[in-house]
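Remarks on the structure that follows.
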Number of protein chains: 4
Amino acid sequence: MPQEPNPQRRSEKSRTAIIEAALELCAEHGYGHVTVEAIAARAKVSKKTIYRWWPSKGAVVLDALDETVNPAIAFPDTGDLRADLEAQMWGLLHGVMTEPRTGRALTGLIADTQHDPDLARSLNDDLIRPRADEARARLTKAKTDGQIDPDADLDLALELLYGPVYYRLLLHQGDLHTRAELGKLIDHVLSALAPEGKALARSPALDQDH
Amino acid sequence: MPQEPNPQRRSEKSRTAIIEAALELCAEHGYGHVTVEAIAARAKVSKKTIYRWWPSKGAVVLDALDETVNPAIAFPDTGDLRADLEAQMWGLLHGVMTEPRTGRALTGLIADTQHDPDLARSLNDDLIRPRADEARARLTKAKTDGQIDPDADLDLALELLYGPVYYRLLLHQGDLHTRAELGKLIDHVLSALAPEGKALARSPALDQDH
Amino acid sequence: MPQEPNPQRRSEKSRTAIIEAALELCAEHGYGHVTVEAIAARAKVSKKTIYRWWPSKGAVVLDALDETVNPAIAFPDTGDLRADLEAQMWGLLHGVMTEPRTGRALTGLIADTQHDPDLARSLNDDLIRPRADEARARLTKAKTDGQIDPDADLDLALELLYGPVYYRLLLHQGDLHTRAELGKLIDHVLSALAPEGKALARSPALDQDH
Amino acid sequence: MPQEPNPQRRSEKSRTAIIEAALELCAEHGYGHVTVEAIAARAKVSKKTIYRWWPSKGAVVLDALDETVNPAIAFPDTGDLRADLEAQMWGLLHGVMTEPRTGRALTGLIADTQHDPDLARSLNDDLIRPRADEARARLTKAKTDGQIDPDADLDLALELLYGPVYYRLLLHQGDLHTRAELGKLIDHVLSALAPEGKALARSPALDQDH
DNA sequence: GCGTAACCGAGACGGTACGTCACGTCTTACG
DNA sequence: CGTAAGACGTGACGTACCGTCTCGGTTACGC
């Protein structure tokens, strides 16, 4: 029998210490230089205890992010779609990606998924997709409310919003969007989503700064 | 790559064998499972020879990609901006990212840049930025020709084009854009760039498939 | 050996396999061509396990000799000093130095001490000095018993006995003392140690063979 | 054809620089830590040049010692056998073994002979045996002159003289004989060699210091 | 006195082994 | 039974030297 560990008896103290240690070490040395051995040492925990509950360091960090990051990137619903989008995306940029404890952890985690399909699945299931679903739900609601065109392709819109953000995160790591750039990005996408009557002649978002 | 040692009598045979071995191993086992030892063994070369000319396996793979990938993603100039964009981006998707020898190599390389700033710089300098510069130049030319709005923000446009592509590459790895999706993406961005007189009432790209 | 790590749960099986492998490899290829990697491979043990408990291959071989060699060079006490000396020295020559498993190991070890002071100290403490102490004790007892001159310089005597033996071992490696030569050597030194009344007119040991 | 190097064209400058560098490096780091690469670098010489003329670093050091050491250990002949012996042996101890440039070189060289039979042969042929032959010749002359017993076993005598010296050199490296100890050793051996008429009742050399 | 063949410096090359690191598994003793 | 401690086999790391091998350049012999 593979005899899975009985989660009833799991030590909450150890769990917390491990998650805490993982984030701290990510902040200090960067995800790539964090090792299971170091997490165990920092958390005063046996390596066995880590491997009993998680399959890899990536899974630990994912759990850690899951607990830490949610408040910063929750999707609000104030009725003002543009404000809600900006709030959530700014939370993502400012509350997660530039926070030392979580930013390097997140990019490292995404990096790890390139050679760990299980981790990729977990990351999507636990972190990425739920946010996307929230965002899609918010856009769908706006569509129902008549704030955006009923024919708009919401998935394309989501890619146009989040693609550039992650693109910069992963390929220009230090150089994320400023609040102004973020605003321009959102303006552009939203203007294209606008219902026909309210459509602007052309998207102002692609005007240059002047 | 910053080859400090004066490459006065560098062995071209070894160099080629190393680059070839690196790409083959990426194709077979995935970038993350490639080791310098394996490259050396496959290329029948001493590890020292690899370390003499490259600082890390990432640098080797970068050089390998640089040589292999350029034809597929060169930026054409047929006069038809939309066709040129689609050709280049489809080359990127189809000729690089889904090619076994280069696709896994590229994503793994990007992953590695998350904890190797030198590699990140090299990747940008040698691979990413030159393509972006070509694309920007093509757009600028189109602007000069009056095909796109003189006030258009070309950098934003580039992010809107390439962001979603890399976003999918890195976060939904198996699931890249189809040709149709790519076309829609390009249509959307180009329509927003169109000069004022020719502006469509609203971007057709955000219509759903029907 | 100064085993810093607390040897609480050290694997006896590994320890034995390592020591055994070390001696076998010395016998097969000679100490100088033995490598830690080869010992590890032969003993089916990780290199790390060797380095955990010993600082160098020399230390391993020293431990191995210590366990293997002791019976052959124990100092007997039959009451007959000359016989005891000859027995012990012949054991050293025949039971250690010409045994394939130990002979090449010992000379190689001594060689290594020339550039490893820690090893030199260990070799003296664990192997050389204890034998010298036993021999000195045996001579001291003989002095007490009146078998040798009470004024005799025992340390000089020890050097005269063992010096030539090691001298040949290290400088004429194949060509150790025969039993007859050993007997002559012992006779010479003992005759010089004889108490005054029993002194021979001159040492017969320096007569040539005839 | 193996085309041996033509010694006529050999660069004396390189030869000297190599030998000089070898001894310096022995003095600085100890024979065991000297490498051919370091010798080449120090002597501003190509490795190829070293390997062209010597088969190994041991051979270089042997040549170096051969040139440097001879004056210190030449065997004098003043007519006074005891004085001659003491002079030569003290030269060996003081002029060679405790000299930084030569002492560590010599012991390291002897160490190396334990796993290099060619080097062992060269060392004996070039350095060890010639001295032994000189010593034996001096003793033979003394025998002819009637200063020592015509039946004396000169080879045993040589072993009794030099064995203890090398024994200490190799096994108690820091702790060589003092002049007094050396004198005692010589006295002991010579007294045993004395012709019958002059024989002492017993060897005074084995009396303890008092 | 002038080619030309050898030596020379420089250092790249294929190798072997080094000693270290982290992996993921395991064993032991405690609570 | 979960845990802390940590030894274990595995395998890759990046480095150090080995001894061999081109390279051009320089030197000195022999025609």
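Everything numeric here is computed off the predicted structure, so don't read it as measured data. Protein chains get the first letters and strands the later ones, always in sequence-line order, with residue 1 at the start of each.
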Quiz item: How many Å lie between CZ on D:Arg15 and C1' on E:dC7, as a whole number?
Solution: 16 Å
Practice problem: Mind checking D:Lys48 for me? I need base, sugar-phosphate or nothing, with any heavy atom below 4.0 Å counting as a touch. | Solution: base
Quiz item: Can a side chain N or O of C:Ser14 be found less than 4.0 Å away from OP1 or OP2 on F:dA7?
Solution: no
Quiz item: Quick check: does any side chain N or O of C:Asp126 sit under 3.5 Å from a backbone N or O of C:Asp63, one acting as donor and the other as acceptor?
Solution: no
Quiz item: Atom CD1 of D:Ile18 and atom C1' of E:dC7: how far apart are they, to the nearest Å?
Solution: 12 Å
Quiz item: With respect to the side chain of C:Arg9, which nucleotide from E:dA17, E:dT20, F:dA5 is positioned closest?
Solution: F:dA5
Exercise. Using atom CG of B:Asp116 as one end and atom P of F:dG14 as the other, report the distance to the nearest whole Å.
Key: 10 Å
Quiz item: Any side-chain N or O of A:Thr49 under 4.0 Å from OP1/OP2 of F:dA4?
Solution: yes
Quiz item: On DNA chain F, nearest-nucleotide positions of B:Thr35 versus C:Lys44: which is more 5'?
Solution: C:Lys44
Quiz prompt | A:Leu123 to A:Leu62 - nearest heavy-atom pair and separation | solution = N-CD2, 3.7 Å
Quiz item: According to a strict under-4.0 Å criterion, is C:Trp54 in side-chain N/O contact with OP1 or OP2 of E:dG19?
Solution: no
Quiz prompt | Rounded interatomic separation in angstrom, taking CD1 from C:Ile39 and C1' from E:dG19 | solution = 14 Å
Self-check item: Separation of atom NZ in B:Lys13 from atom P in E:dG14, rounded to whole Å
Solution: 8 Å
Quiz item: For B:Glu28, which of B:Arg101, B:Arg104, B:Arg42 qualifies under side-chain hydrogen bond (donor to acceptor under 3.5 Å, both in side chains)?
Solution: B:Arg42
Quiz item: Over how many whole Å does the gap from B:Tyr51 atom OH to F:dA12 atom P extend?
Solution: 11 Å
Quiz item: Which of these nucleotides, E:dC7, F:dC8, F:dG19, is closest to any side-chain atom of D:Trp53?
Solution: E:dC7
Practice problem: Take the protein atom CD of C:Glu37 and the nucleotide atom C1' of E:dT20, then report the distance between them rounded to whole Å. | Solution: 12 Å
Quiz item: Across the strands shown, which category fits D:Lys47 at heavy-atom distances under 4.0 angstrom: base, sugar-phosphate, nothing?
Solution: base
Quiz item: Does C:Lys57 reach the main-chain N or O of C:Ala22 with its side chain, forming a donor-acceptor pair under 3.5 Å?
Solution: no
Quiz item: Can a side chain N or O of B:Arg52 be found less than 4.0 Å away from OP1 or OP2 on E:dC13?
Solution: yes
Quiz prompt | DNA chain F: 5'-proximal contact among C:Ser11 and A:Val45 (nearest heavy atom) | solution = A:Val45
Quiz item: Is there side-chain contact between B:Ile18 and B:Trp54, with heavy atoms separated by less than 4.5 Å?
Solution: yes
Quiz item: How long is the line joining CZ of B:Arg42 and C1' of E:dG15, in whole Å?
Solution: 20 Å
Quiz item: What nucleotide, of E:dG11, F:dA4, E:dA5, holds the atom closest to the side chain of A:Ser46?
Solution: F:dA4
